[in-house]
Amino acid sequence: MEILIISGLSGGGKSKAASFLEDMGFYIVDNMPAGMILKFAEFCAAGSGRYHRVALVYDVRTADSFDEFLEVLDTLRKREYDCRLLFLEADVGTVIKRYKETRRMHPLQERCGSLETAVDREIHLMAPVREKADVVINSTTYSTARLRGELLRLFGGSQSAVEMQVSLVSFGFKHGLPLEADLVFDVRFMPNPFYIDTMKSRTGLDPEVRDYVFSFRETEQFMEKLRELLRFVLPLYREEGKTILVVAVGCTGGHHRSVAVTRSLAEYIRSLGYQVTENHRDMTRT
């Protein structure tokens with residue numbers, strides 16, 4: 001059985017981490033006293049496997065002294081459990097900013113007076129727990145997506161091997177932008193096959209249309225720069241924790257230029273090793 005204990009500073013990102021870990025299949029229990037952790041672990045281990053991945057949130061709200069918790073942690077590690085301690089923190093200024101944004105009161109603020117004093121006090125109190133941590137994440141500069149990506153890498157198990165999927169969508173501007181798009185590229189500057197009688201009723205999937213679109217120097221120059229851009233940004237999106245990146249390519253009606261470019265991009269992105277889906281949203285619309 002896998003037991004992950006989530007601890008750290010108030011405002012360090014524990015709640016978000018717990019939510020992401022729940023999505024990864026962990027059974028989450030918040031604010032569990034140290035004295036109950038061993039009994040709960042035994043209960044889960046005796047079960048039918050339903051609680052094979054458990055994450056317990058333990059922080060300064062739970063006890064005045066962490067001696068009992070540290071003893072429990074040592075006991076868990078000596079038993080046949082896969083037990084790890086994750087500690088989340090952030091610098092003082094970031095924690096104060098997060099509390100001001102949420103307008104919540106720090107759990108130690110009432111007895112310490114000011115918010116800054118409460119944060120400093122918590123850092124001191126939590127120091128022995130931090131020293132025992134298997135993983136420490138300083139979330140000061142982390143976006144939500146980056147935190148999710150880091151947790152997926154560390155604790156995702158088989159999920160951590162899942163690559164980012166790139167979803168390519170061709171569309172016509174006259175039908176509106178795809179609301180789900182992360183990146184949008186406008187190819188209406190390219191010569192339009194719609195005005196060629198033999199191509200008007202065809203689509204960008206037809207070789208004749210594709211050859212026409214790509215016969216122009218500006219098209220090839222654009223594709224070269226676009227491929228260079230995607231080669232640069234795709235690994236960064238993946239590192240940020242993005243699981244699906246939606247790239248939309250638009251022309252006027254969504255029949256010719258956007259379709260041809262989308263098909264070409266799909267082939268290129270696959271060659272980079274990414275999973276790709278391809279959808280021509282407006283290709284059959286009038």
Side-chain angles (χ1 to χ4, degrees), residues 2-24 26-44 51 53-78 81-144 146-148 150-151 154-155:
E2 182 177 0
I3 300 176
L4 177 64
I5 299 176
I6 307 168
S7 192
L9 303 183
S10 304
K14 298 188 303 297
S15 296
K16 286 184 178 179
S19 297
F20 293 141
L21 289 162
E22 187 172 24
D23 292 339
M24 295 176 205
F26 281 87
Y27 182 82
I28 307 296
V29 181
D30 192 14
N31 202 18
M32 176 170 284
M36 295 181 60
I37 291 177
L38 282 178
K39 292 182 179 180
F40 183 75
E42 292 169 356
F43 167 78
C44 293
Y51 305 108
R53 304 188 86 197
V54 176
L56 310 175
V57 182
Y58 183 87
D59 56 30
V60 75
R61 299 170 298 167
T62 309
D64 294 324
S65 171
F66 293 102
D67 292 340
E68 183 181 12
F69 169 73
L70 296 176
E71 291 178 7
V72 168
L73 182 63
D74 288 338
T75 301
L76 288 171
R77 286 172 170 171
K78 291 175 183 177
Y81 300 127
D82 177 11
C83 179
R84 287 183 287 177
L85 173 60
L86 166 65
F87 192 94
L88 290 121
E89 62 184 7
D91 63 35
V92 174
T94 299
V95 172
I96 291 174
K97 180 182 177 183
R98 290 173 181 173
Y99 266 97
K100 286 184 176 180
E101 288 174 348
T102 59
R103 299 186 178 182
R104 292 171 51 235
M105 180 175 284
H106 190 282
L108 300 180
Q109 191 169 345
E110 189 172 348
R111 74 175 86 162
C112 291
S114 71
L115 175 56
E116 184 175 357
T117 303
V119 176
D120 287 335
R121 177 60 177 163
E122 184 180 28
I123 291 173
H124 174 73
L125 289 173
M126 297 295 291
V129 178
R130 188 185 189 280
E131 290 178 5
K132 292 284 188 176
D134 299 283
V135 178
V136 176
I137 293 179
N138 189 314
S139 67
T140 298
T141 60
Y142 275 43
S143 64
T144 300
R146 185 182 175 190
L147 177 59
R148 180 187 180 281
E150 184 68 5
L151 293 171
L154 292 167
F155 307 108

Grab the two heavy atoms, one from L85 and one from V129, that are nearest each other, plus how far apart they are. CD2-O, 3.5 Å
Side chain R111, main chain A118, donor-acceptor under 3.5 Å: no
Do the side chain of K14 and the main chain of L9 share a donor and acceptor less than 3.5 angstrom apart? yes
Within a reach of under 6.0 Å around CD of E110, are more than 12 heavy atoms found that belong to other residues, nucleotides or ligands? no
Which pair of heavy atoms, one from F66 and one from V60, lies closest together, and at what distance? CZ-CA, 4.0 Å
Examine distances only and state if a side-chain atom of T75 and a backbone atom of E71 form a donor-acceptor pair shorter than 3.5 Å. yes
Can you spot which of V95, T94, I96 makes a side-chain contact (heavy atoms from CB on, under 4.5 Å) with V92? I96
Work out which heavy atom in S139 is nearest to a heavy atom in R98; give both atom names and the distance. O-NH2, 2.8 Å
How close do L88 and G12 get, counting heavy atoms only, and between which atoms? CB-O, 3.8 Å
For M32, side-chain contact (heavy atoms from CB on, under 4.5 Å) partners two or more places apart: V29, M36, I37, F40, L56
Any heavy-atom pair between the side chains of F155 and F26 that's under 4.5 Å? yes
Run the numbers on V136 and L86 for side-chain contact (heavy atoms from CB on, under 4.5 Å), then give the verdict. CA-CA 6 Å; V136 176; L86 166 65; over 6 Å; no
Looking at C112 and T117, what are the two nearest heavy atoms and their distance? O-CG2, 3.8 Å
Any donor-acceptor pair under 3.5 Å from T140 side chain to D91 backbone: yes
Could you go through E2 and R84, starting from their C-alpha distance and side-chain angles, then the distance that decides it, and tell me whether this counts as side-chain contact (heavy atoms from CB on, under 4.5 Å)? CA-CA 8 Å; E2 182 177 0; R84 287 183 287 177; 3.1 Å; yes
Counting neighbours of CD on E116 that are heavy atoms of other residues, nucleotides or ligands and sit closer than 6.0 Å, is the number greater than 12? no
Any salt bridge between D82 and R53, counting N to O under 4.0 Å? no
Does the pair V119 and Y99 meet the rule for a side-chain contact (heavy atoms from CB on, under 4.5 Å), with working shown? CA-CA 10 Å; V119 176; Y99 266 97; 5.6 Å; no
Give a yes or no answer on whether the side chain of E122 reaches the backbone of S10 with a donor-acceptor pair at less than 3.5 Å. yes
Rounding to 0.5 Å, atoms CZ (F87) and CD (E131) come to a distance of 10.0 Å
Is it the case that the side chain of D59 and the backbone of S7 share a donor-acceptor pair, with hydrogens and angles ignored and the cut-off at 3.5 Å? no
